[in-house]
Amino acid sequence: MKQLLIIQNGNTEMMRLAFDEILYIRSDGNYCVMTLSNGEELQLWMNLKAITELIDQQMRQQEIVFVRVGKQYVLNLHYICRIDTKKDQLSLWRKEIPQKIVLNSISHKALQLLEEGIKQKQNDL
């Protein structure tokens, strides 16, 4: 059975989403937009810090799957296919999604830290 993220979105909506369906979450001021692997975008009535804490709380002892990158994004590590620090771009893709998603608005420093973290994790295996 898939691990589900349960989100109370405002006072009137509860959502249950499989963690592996979440590509990334982008901050947009006091709320966030979550992009799913089927291309759907969901508006969340909470800030990035709150959604990050909720994910951490609900994943508990599980493998780290989501990582905060810069001030604007939380990414699902399983979808990262390319980090280009020269162009300051990050690409997300897996065979379940029809085309690559390229994120351009991530800082150079945040991309470098992400790249180093992924390499370190690979070395630890």
Side-chain angles (χ1 to χ4, degrees):
M1 186 168 173
K2 291 183 177 184
Q3 175 85 21
L4 297 176
L5 173 65
I6 299 171
I7 301 170
Q8 183 66 42
N9 194 26
N11 296 325
T12 60
E13 181 181 32
M14 183 194 81
M15 294 184 278
R16 292 176 43 179
L17 303 162
F19 284 109
D20 63 348
E21 293 176 2
I22 302 168
L23 287 175
Y24 66 94
I25 305 164
R26 177 180 41 85
S27 174
D28 200 357
N30 290 329
Y31 65 93
C32 294
V33 176
M34 179 183 289
T35 301
L36 305 179
S37 59
N38 65 4
E40 185 178 357
E41 291 187 339
L42 305 173
Q43 188 168 2
L44 305 177
W45 299 104
M46 59 183 69
N47 63 30
L48 202 57
K49 181 180 181 196
I51 191 67
T52 302
E53 289 172 355
L54 185 66
I55 289 170
D56 289 344
Q57 178 187 36
Q58 292 187 29
M59 289 197 78
R60 295 184 202 100
Q61 303 297 323
Q62 304 253 342
E63 170 193 7
I64 295 172
V65 175
F66 293 91
V67 63
R68 175 97 181 240
V69 180
K71 296 179 180 180
Q72 197 173 8
Y73 290 97
V74 171
L75 305 172
N76 185 330
L77 289 170
H78 294 161
Y79 285 95
I80 296 172
C81 66
R82 183 170 168 253
I83 299 171
D84 187 334
T85 54
K86 184 176 181 181
K87 294 181 181 177
D88 291 338
Q89 290 181 338
L90 180 131
S91 298
L92 302 169
W93 182 80
R94 258 190 354 200
K95 65 182 176 183
E96 300 89 39
I97 58 176
Q99 63 183 15
K100 282 186 192 177
I101 295 172
V102 178
L103 304 176
N104 292 306
S105 57
I106 301 174
S107 76
H108 184 78
K109 181 69 173 170
L111 287 174
Q112 284 181 318
L113 291 171
L114 175 62
E115 183 178 38
E116 290 169 13
I118 290 172
K119 285 178 182 176
Q120 182 62 45
K121 184 177 179 182
Q122 188 65 32
N123 289 339
D124 291 344
L125 295 177

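Predicted model, so just to flag it, every value in this text is computed and none were measured. Sequential numbering from 1 along the given sequence is applied to the chain's residues.
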Is any side-chain heavy atom of [Y] closer than 4.5 Å to one of [X]?
X     : Y      : answer
Leu23 : Ile101 : yes
Gln99 : Trp93  : no
Ile6  : Gln58  : yes
Ile51 : Asn47  : no

Within 6.0 Å of CG in Asn30, more than 12 heavy atoms from elsewhere:
no

Just wondering, are more than 12 heavy atoms of other shown residues or ligands nearer than 6.0 Å to CG in Asp124? yes

The complete set of side-chain hydrogen bond (donor to acceptor under 3.5 Å, both in side chains) pairs with one or both residues in residues 65-76, sequence neighbours excluded, reads Tyr73-Ser105

Check step by step if side chain to side chain contact (heavy atoms under 4.5 Å, CB included) holds for Met46 and Tyr31.
CA-CA 5 Å; Met46 59 183 69; Tyr31 65 93; over 6 Å; no

Those residues that, when tested against [X], pass side chain to side chain contact (heavy atoms under 4.5 Å, CB included) (two or more places apart):
X      : value
Glu63  : His78, Lys121
Ser107 : Lys109, Ala110
Asn9   : Ile7, Glu13, Met15, Leu44, Trp45
Glu53  : Lys49

Stepwise side chain to side chain contact (heavy atoms under 4.5 Å, CB included) check, Leu114 with Glu116: CA-CA 5 Å; Leu114 175 62; Glu116 290 169 13; over 6 Å; no

Applying the 4.5 Å side-chain criterion to the ILVMFWY set and letting contacts propagate, would [X] and [Y] be lumped into a single cluster?
X      : Y      : value
Leu75  : Tyr79  : yes
Phe19  : Val65  : yes
Leu17  : Met59  : yes
Ile106 : Ile118 : yes
Leu48  : Leu42  : yes

>> Tyr24 vs Leu103, test: side chain to side chain contact (heavy atoms under 4.5 Å, CB included). Steps then yes/no.
In response: CA-CA 10 Å; Tyr24 66 94; Leu103 304 176; 3.9 Å; yes

Checking Leu5, Asp56, Thr52, Val74 against Phe66 for side chain to side chain contact (heavy atoms under 4.5 Å, CB included), the one that qualifies is Val74

Under 3.5 Å, which donor-acceptor pairs do the side chains of residues 80-91 form with other protein atoms, sequence neighbours left out?
residue, atom, partner, partner atom, Å
Arg82, NH2, Asp84, OD2, 2.9
Asp84, OD1, Lys86, N, 2.9
Asp84, OD1, Lys87, N, 3.0
Asp88, OD1, His108, ND1, 2.7
Gln89, NE2, Asn104, OD1, 2.9

Rounded to the nearest 0.5 angstrom, the CG-CD distance for Asp28 and Gln43 is 7.5 Å

When rounded to the nearest 0.5 Å, the distance separating CD1 of Ile97 from OG1 of Thr35 is 10.0 Å

